[in-house]
Amino acid sequence: MEHKLYIYNTLSRKKEQFIPIHEPHVGLYVCGPTVYGDGHLGHARPAITFDILFRYLMHLGYKVRYVRNITDVGHLENDADSGEDKIAKKARLDELEPMEVVQYYTNRYHKAMEALNVLPPSIEPHASGHIMEQIEFTQKILDAGYAYVSEGSVYFDVEKYNKAHHYGKLSGRNIDDMLETTRNLDGQSEKRRSVDFALWKKASPEHIMRWNAPWSEGFPGWHMECSAMGTKYLGEEFDIHGGGMDLMFPHHECEIAQSCAALGKDTVKYWMHNNMITINGQKMGKSLGNFITLEQFFTGNHQLLSKAFSPMTIRFFILQAHYRSTVDFSSEALEASEKGLERLMEGYARLQKITALESSSVEVDGLRKKCEEALSDDLNTPMVISALFESLKAINMIHDGKETICAADLEELKAVFKLYIEDLLGLKMSIESASGTEPYQKAIDLLLNIRLEAKKNKDWATSDKIRNELTALGFEIKDTKDGFEWKL
RNA sequence: GGUACUUUGGCCGAGUGGCUAGGCACCGGUCUGCAAAACCGUAUACGGCGGUUCGAAUCCGCCAAGUACCUCCA
């Protein structure tokens, strides 16, 4: 690869040059959703962030295998000892089979992702479909001596692991602090230490989702699925593991410990974490109950939303901030993004209509380089967008006849805009352009042509009436030099 | 309590030891019968106090405010 990509590795807390383990192949694993409820804005962030990475790696010529899991078992509601499985709880409340819950929300998640123009991953494994792998993985850890069986459940022996390796190296904490802060929570536990976590849980009698294992009839611990499925599809060592920052501890820390204990080596080379979306400065999340679902954004059906926002607006809004920064949601911020996106896309459409002249009065060369440098510098999408907006000015000036562009420059500009807007940032033209059937469109055109005639005759009363009434119906009428344009 | 991070103009949000980020809003202009839309343009900034430096919003220290993780969370 002639171009160098730098990504921030949470492990080293530095930007590092990305060098694949087995070029040209790249293995990418990202923690997907637990499908017990509708996806919210927070789910869109990692999906979009790693969608950009996925697209960019492919653009650079790598053969990428992108694995994003669906968690449908083992993710508990509260403390590992007493919590109820999230899926099972939802199923009980809705009187459904757990797998009905899983299917329903998985479908809805897919629909939302498609609307956001997030490419499907190469493999989307379900935890429930990989119970055997998880049992085997657990057995490996037991064989290695880093786990113990207690009352039919299997727990990871964190203290023992920590003697040989550093438990806490990803999140930057040490075991003594953790033992201190968690000591009080520990009462009736079957665990030796409060920091130990479950690899396999024996199912209580009322627990529906259960499988046979050497230790008991039960289900796998939450962290186990990613270790088992990640290594199954990407190998014992793979390139990039991503997810939300809130998963850093304990989820990813446990994953590192599990994989290292079972395989005797570190599995992941680069750890990447996207930051959180906040609302009034506070993290948006299920536990805080302050989340807005993606569907609510698309329909505008939420008290904090001034109106509906298109999936592309959401995508653009997220891309306008760097993935490692928190981004604060507000209706105003989204409206600003919406307008900005519209301007960008209209400029992009305008670019297609520009005719080339003999020579260029504008500079086109720098854009591709700027975008490339920005994206390869730890996915700096805000910089890419900024560069595009700067070129947008030139496009508009050319359109107005104030600047000129030659054929070669025009081709380059079109190519770069397409590459970055469509292929890499994944922004699509708004769907609104296709409004109504042909007879319907012709009827509107007819009305506006009548208005045009009225204008020629200086019959302002008729002209304004048509304009005002159409506006009242929700049409946007634009007068141009030689006619009109309209949209809903 | 422990650990980490953040603090940029009216709002959102990049960046960086010296050169305009960008978007939205505002204001001014072009266009228009008037508007709207569109387009162009100007302005406004780097939490506070010290230090390093020829020079810091950018590095260091202290202080303040806020957030996250330490329990489920993308």
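Every heavy atom of this structure was used, including side-chain atoms; hydrogens, water molecules and symmetry mates were not. In what follows, chains carry the letters A, B, and so on, assigned in the order in which the sequence lines appear, proteins first and then strands, with residues in each chain numbered from 1. Values in this document were obtained by computation on a predicted structure and should not be read as measured data.
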Practice prompt. Round to a whole Å and report the spacing from CZ of A/Arg324 to P of B/U67.
Written response: 22 Å
Discussion item. By the 4.0 Å heavy-atom rule, please label A/His273 as base, sugar-phosphate, or nothing.
Written reply: nothing
Discussion item. On the side chain of A/Asp464, is there an atom forming a donor-acceptor pair with the base of B/G33 - under 3.5 Å, no angle test?
Written reply: yes
Worksheet item: Checking all strands, does A/Leu341 fall into the base, sugar-phosphate, or nothing category for heavy-atom contacts under 4.0 angstrom?
Response: nothing
Item to complete: Do nucleotides 35-46 of chain B as a string where each nucleotide becomes B, S or -: B if the base has a protein heavy atom under 4.0 Å, S if just the sugar-phosphate does, - if no protein is that close.
Response: BBSSSSS-----
Discussion item. Can you see if the side chain of A/Asn380 gets near the phosphate of B/G15 - specifically, an N or O under 4.0 Å from OP1 or OP2?
Written reply: yes
Fill in: Nearest-angstrom distance from the residue atom NZ of A/Lys86 to P of B/C72
9 Å
Discussion item. If I take atom CE in residue A/Met245 and atom P in nucleotide B/C70, what distance separates them, rounded to the nearest angstrom?
Written reply: 14 Å
Worksheet entry | Phosphate-side-chain proximity, A/Thr34 and B/C72, N/O vs OP1/OP2 below 4.0 Å | no
Worksheet item: Does the cation-pi check pass for A/Arg451 over A/Phe484, that is, NZ or CZ under 6.0 Å from the six-membered ring centre and within 45° of its axis?
Response: no
Practice prompt. Send over the distance from A/Glu335 CD to B/G13 C1', rounded to a whole Å.
Written response: 17 Å
Item to complete: Go through B/A74, B/C69, B/G23 for me and flag the one nearest to the A/His43 side chain.
Response: B/A74
Discussion item. To the closest 0.5 Å, what do you measure between CG (A/Asn9) and NZ (A/Lys14)?
Written reply: 9.5 Å
Worksheet entry | Rounded distance [0.5 Å steps], CG in A/Asp72 versus OH in A/Tyr105 | 14.5 Å
Discussion item. Is there a side-chain contact between A/Lys339 and the phosphate of B/A25, meaning an N or O under 4.0 Å from OP1 or OP2?
Written reply: yes
Worksheet item: With A/Asp377, which residues qualify under salt bridge (Lys or Arg N to Asp or Glu O under 4.0 Å), at least two apart?
Response: A/Lys15
Practice prompt. Could you tell me which residues satisfy side chain to side chain donor-acceptor pair (under 3.5 Å) with A/Thr71, sequence neighbours excluded, listed by chain and number?
Written response: A/Asn69, A/Glu225
Item to complete: Give a yes-or-no answer on whether the side chains of A/Tyr36 and A/Lys90 include a donor-acceptor pair shorter than 3.5 Å.
Response: no
Worksheet item: Base, sugar-phosphate alone, or nothing: which one does A/Gly42 contact when heavy atoms must sit under 4.0 Å apart?
Response: base
Discussion item. Measure CG/A/Asp377 against C1'/B/A21 and give the value in whole Å, please.
Written reply: 14 Å
Worksheet item: Side-chain donor-acceptor pair under 3.5 Å between A/Asn274 and A/Thr49, yes or no?
Response: no
Discussion item. Looking only at side-chain N and O atoms, does A/Asp445 offer a donor or acceptor that is under 3.5 Å from a partner on A/Gln441?
Written reply: no
Acceptor/donor pairs from residues 245-253 of chain A side chains to any protein atom, 3.5 angstrom cut, sequence neighbours excluded:
| from | atom 1 | to | atom 2 | distance (Å) |
| --- | --- | --- | --- | --- |
| A/His251 | ND1 | A/His223 | ND1 | 2.9 |
| A/His252 | ND1 | A/His273 | NE2 | 2.8 |
| A/Glu253 | OE1 | A/Leu170 | N | 3.3 |
| A/Glu253 | OE1 | A/Ser171 | N | 2.7 |
| A/Glu253 | OE1 | A/Ser171 | OG | 2.5 |
| A/Glu253 | OE2 | A/Gly168 | N | 3.2 |
| A/Glu253 | OE2 | A/Lys169 | N | 3.2 |
| A/Glu253 | OE2 | A/Leu170 | N | 3.2 |

Worksheet item: With a 4.0 Å cut-off on heavy atoms, is A/Glu390 in touch with a base, just the backbone sugar-phosphate, or nothing at all?
Response: sugar-phosphate
Worksheet item: On RNA chain B, nearest-nucleotide positions of A/Ser463 versus A/Met276: which is more 5'?
Response: A/Ser463
Item to complete: Could you point out which residue of A/Phe238, A/Phe54, A/Tyr29, A/Tyr56 forms a ring pair (Phe, Tyr, Trp, His ring centres under 6.0 Å) with A/Tyr66?
Response: A/Phe54
Discussion item. Please report the distance, rounded to the nearest Å, between CG in A/Leu116 and C1' in B/A74.
Written reply: 13 Å
Item to complete: Verify whether the ring centers belonging to A/Tyr167 and A/Phe156 lie closer than 6.0 Å.
Response: no
Fill in: Under 3.5 Å side-chain donor-acceptor pair for A/Tyr233 and A/His130
yes
Listed pairs, N/O of protein and of nucleotides 7-12 of chain B, under 3.5 Å:
none

Worksheet entry | Face-to-face stacking of A/Trp460 with B/G33, centres under 5.5 angstrom, angle under 30° | yes
Discussion item. To the closest 0.5 Å, what do you measure between CG (A/Leu425) and CG (A/Leu375)?
Written reply: 7.0 Å
Discussion item. Roughly how many Å apart are B/C19 and B/C26, using the P atom of each and rounding to a whole number?
Written reply: 30 Å
Practice prompt. Would you state whether a donor and an acceptor, one from the side chain of A/Ser325 and one from the base of B/G13, lie under 3.5 Å apart?
Written response: no
Worksheet item: How would you label the contact of A/Met284 with the nucleic acid (heavy atoms, under 4.0 Å): base, sugar-phosphate, or nothing?
Response: base
Worksheet item: In whole angstroms, how far is the P atom of B/A74 from the CE atom of A/Met113?
Response: 11 Å
Worksheet, complete the sentence: Encoded 5' to 3' (Watson-Crick or G-U under 3.5 Å; [ ] crossing; | other strand), RNA chain B becomes (((((((..(((.....[...)))..((((.......)))).....(((((..]....))))))))))))....
Response to the item:
Assert: residue with more 5' nearest nucleotide on RNA chain B, out of A/Lys286 and A/Thr278, is A/Thr278
Practice prompt. Would you kindly give the CZ-to-C1' distance between A/Arg13 and B/A4, to the nearest whole Å?
Written response: 7 Å
